[in-house]
Novice: 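The structure's right below; bear with me while I get my questions together.
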2 protein chains.
Amino acid sequence: MLLVMSPSAPSPQQPPSRRIAEELRKRIERGELAAGDKLPSERALAEEYGAARNTAREAVRILAEQGLVTAKHGKGVFVRQPQRLFRFGSDRYSIKNRETGLTPFRLEAKRQGKTARIDVLSITREVPPADIAERLQVSADDASVVHRENHYFADDEPVQIVSTYIRWGEAQGTLLMQPKSGPNGIYGRLEELGHVMTRVRDEISARMPTPHEAALLDLLPGVPVLEVLHTSLDQNGEPFEVTRYVHRADQTGLLYELPVEQPTPPEAQ
Amino acid sequence: MLLVMSPSAPSPQQPPSRRIAEELRKRIERGELAAGDKLPSERALAEEYGAARNTAREAVRILAEQGLVTAKHGKGVFVRQPQRLFRFGSDRYSIKNRETGLTPFRLEAKRQGKTARIDVLSITREVPPADIAERLQVSADDASVVHRENHYFADDEPVQIVSTYIRWGEAQGTLLMQPKSGPNGIYGRLEELGHVMTRVRDEISARMPTPHEAALLDLLPGVPVLEVLHTSLDQNGEPFEVTRYVHRADQTGLLYELPVEQPTPPEAQ
DNA sequence: GCTTCCAACTGGCTTGAGCCACTTACTGGC
DNA sequence: GCCAGTAAGTGGCTCAAGCCAGTTGGAAGC
């Protein structure tokens, strides 16, 4: 039983909304529509492609989901500007940076000519989330940690949400419970408690934001977040502090520079 | 002129589709709908909330965009399973791993009980993209590099797209132009050329996939990608190889473990 | 028992209509 | 000159209806 194919339609039959989205994507990639340019209105697109407005609208939604364009209510749809990434380097943990008296965030902001702002949202004793408890080696059933939540801004735009967890037993009654944690910040206090930051472990993942995070970070549709689960290890290899960073991925990136372990001579340590 | 507010509606007036999406999200977070469970059908949701099917459908779309649920044509909409992350550790560059004879990817796959497959897609001389040329310190106007494109699979599921760039001048006529690049892979050959990998620099960002990447990686809506731009530096601090990794973020993560630079004693080296 | 077919379910996508909210520029009054 | 008002344009969102395409399970035929 043979079916004769219609001689037309050599393409794999895409639905109209996707076809329109792809056409627009090509126009953007070819530079016919540059960053910042306004796309034709939904009604204009509909007419141009002989489709309903909803179909044109769906095409725009697809592009927005890909992070290519941004709609502004009452104004139009615009090609998104590729943002200069705010890089968080692995030297942000470097102790020598403390000598400047600036936190790594303020340092990086200054380097990029932006003003930094850090809001201390809360400092509370809490029951830790499971992943935190596991890494900090504390109980996930008791209020075994202190949680410091900070929000970071560059030029008054929210950039990252930072949640730091420290053992309650160590923080209790110290400056670690205060917004102003003293010289060299919390790492200064933790060092006084006998924890010298010797190694760090950063676990990195990416995902779409929760609605709560999207609101806090002022995120547009189609922008994921970078999540870094950071563990500080002291001179004995013991974890003494765990921090969860949630970055907006359209404005921030990470940079790790590290030495490569060379092969050990046979039989030697 | 005073307006008397209707005594109801204390909430900030969310549109129905978002309200439905939020209700469903709460049901999932409360565990009433567990991972793998099937949501009510679009038609059922519409009736339940007294809305049109399109509105219920929009609610489901919002959840899919957040990566919470996945629609399967003809079957239904299901709560997404949190996947065990395939972790790429910073020791993947460690030379001591070469002793096993396994590439880091095969090693990690074995550790997780999965079968690894690596497809060599192409090995071609090319004009490098601007970001690559800058990092490899070659011309972005000539065909100055060799581009090796590989696709990595775990249990036959695509996991990452890897594009490695090497200087054409060094690769020309060597095993670096061959799919089987000999003992210890390309790093073995590059070492013979006098480049001992001494430091690495990884630049990490997250974004939504292009349609092309989404197809290659078999990505569902609402799943971002992790992009790692990796530069290998030799004993002289010179870059000799740059690789772009594109990971699917729902199944992979990165792990960096590194020593913290201690403060240098004043005036000493 | 086996297979084939079909009905009823699922999501995928489009249509065309309508109302709302935000933005902009122009117009008219003062 | 200034300001208020308005009209026209934009996206945001919903509706009701319809057809298509996978999926599933049971009924009918062999």
Side-chain angles (χ1 to χ4, degrees), chain A residues 1 3 5-6 9 11-24 33 36-65 68-80 211 214-215 219-222, chain B residues 1 3 6 9 11-24 33 36-65 68-80 211 214-215 218-222:
Chain A
M1 181 108 51
L3 262 183
M5 295 291 281
S6 144
S11 79
Q13 269 288 58
Q14 282 214 106
S17 57
R18 289 183 190 279
R19 200 180 66 80
I20 298 174
E22 236 177 60
E23 296 260 341
L24 288 173
L33 289 166
D37 280 4
K38 184 170 163 299
L39 266 62
S41 77
E42 295 175 351
R43 287 157 177 95
L45 283 173
E47 193 173 359
E48 181 180 345
Y49 289 97
R53 184 190 154 202
N54 273 349
T55 304
R57 181 173 175 71
E58 170 71 6
V60 172
R61 204 195 52 72
I62 290 173
L63 295 178
E65 201 173 41
L68 260 184
V69 301
T70 307
K72 297 185 183 170
H73 193 174
K75 288 184 165 171
V77 178
F78 300 84
V79 180
R80 202 173 280 183
L219 286 179
L220 300 166
Chain B
M1 181 106 53
L3 262 183
S6 141
S11 81
Q13 270 288 56
Q14 280 215 108
S17 58
R18 288 183 191 279
R19 200 180 66 81
I20 298 174
E22 237 178 60
E23 295 260 342
L24 289 172
L33 289 166
D37 282 4
K38 184 170 163 298
L39 266 62
S41 78
E42 294 175 352
R43 288 158 176 95
L45 282 174
E47 193 173 358
E48 181 180 343
Y49 289 97
R53 185 189 155 203
N54 271 353
T55 305
R57 182 174 173 73
E58 171 71 6
V60 171
R61 203 195 53 70
I62 291 172
L63 294 179
E65 202 174 41
L68 259 185
V69 302
T70 306
K72 296 185 183 170
H73 193 175
K75 288 186 163 170
V77 178
F78 300 84
V79 179
R80 201 172 280 183
D218 201 15
L219 286 180
L220 299 166

Novice: For a quick check, tell me whether the side chain of B:His73 and the base of D:dG22 share a donor-acceptor pair closer than 3.5 Å.
Specialist: no
Novice: Quick check for you: to the nearest 0.5 Å, what is the distance between B:Leu45 atom CG and B:Glu23 atom CD?
Specialist: 10.5 Å
Novice: What pairs of donor and acceptor atoms, side-chain ones from residues 48-56 of chain A against any protein atom, are under 3.5 angstrom apart with sequence neighbours left out?
Specialist:
residue	atom	partner	partner atom	Å
A:Glu48	OE2	A:Arg27	NH2	2.6
A:Tyr49	OH	A:Arg27	NH2	3.1
A:Arg53	NE	A:Glu42	OE1	3.0
A:Arg53	NH2	A:Glu42	OE1	2.9

Novice: Find out whether B:Thr70 and B:Arg80 are in side-chain contact, i.e. whether some heavy atom of one side chain is under 4.5 Å from a heavy atom of the other.
Specialist: yes
Novice: Check the distance between D:dG11's P and A:Leu220's CG and give it to me in whole angstrom.
Specialist: 16 Å
Novice: Rounded to whole Å, how long is the line connecting atom CD of B:Gln14 with atom C1' of D:dC13?
Specialist: 13 Å
Novice: Could you pull out all residues at least two apart from B:Arg18 that satisfy salt bridge (charged side-chain N to carboxylate O under 4.0 Å, His left out)?
Specialist: none
Novice: Could you check whether any side-chain heavy atom of B:Leu24 comes within less than 4.5 Å of a side-chain heavy atom of B:Leu63, counting everything from C-beta outward?
Specialist: yes
Novice: Which nucleotide sits closest to the side chain of B:Pro16: D:dC19, D:dG11, D:dT14?
Specialist: D:dT14
Novice: Measure the CG-NZ distance between A:Leu220 and A:Lys72 for me, rounded to the nearest 0.5 Å.
Specialist: 8.5 Å
Novice: Output a table of nitrogen or oxygen pairs between the protein and nucleotides 5-9 of chain D separated by less than 3.5 Å.
Specialist:
residue	atom	partner	partner atom	Å
D:dG9	N2	A:Gly74	O	3.2

Novice: Along DNA chain C, 5' to 3', what are the outermost nucleotides having an atom less than 4.0 Å from a heavy atom of chain B?
Specialist: C:dT10 to C:dT15
Novice: Please list, in numerical order, the residues of residues 47-62 of chain A that have a heavy atom closer than 4.0 Å to any atom of DNA chain C.
Specialist: A:Ala51, A:Ala52, A:Arg53, A:Asn54, A:Thr55
Novice: Of all heavy-atom pairs between A:Ser17 and A:Ala59, which one has the smallest distance, and what is that distance?
Specialist: O-CB, 3.3 Å
Novice: With the side chain counted from C-beta on, respond yes when B:Leu39 and B:Val79 share a heavy-atom pair under 4.5 Å apart, and no when they do not.
Specialist: yes
Novice: Minimum heavy-atom separation for B:Val60 and B:Val69, please, with both atom names.
Specialist: O-CG2, 4.0 Å
Novice: Name all residues meeting the side-chain hydrogen bond (donor to acceptor under 3.5 Å, both in side chains) criterion together with A:Glu47; count only those two or more places apart in sequence or in a different chain, and write none if there are none.
Specialist: none
Novice: Could you state the atom-to-atom distance from CG of A:Leu39 to P of D:dT10 in whole Å?
Specialist: 12 Å
Novice: What I want to find out is whether B:Arg61 reaches B:Glu58 closely enough, with some N-O distance under 4.0 Å, to be called a salt bridge.
Specialist: yes
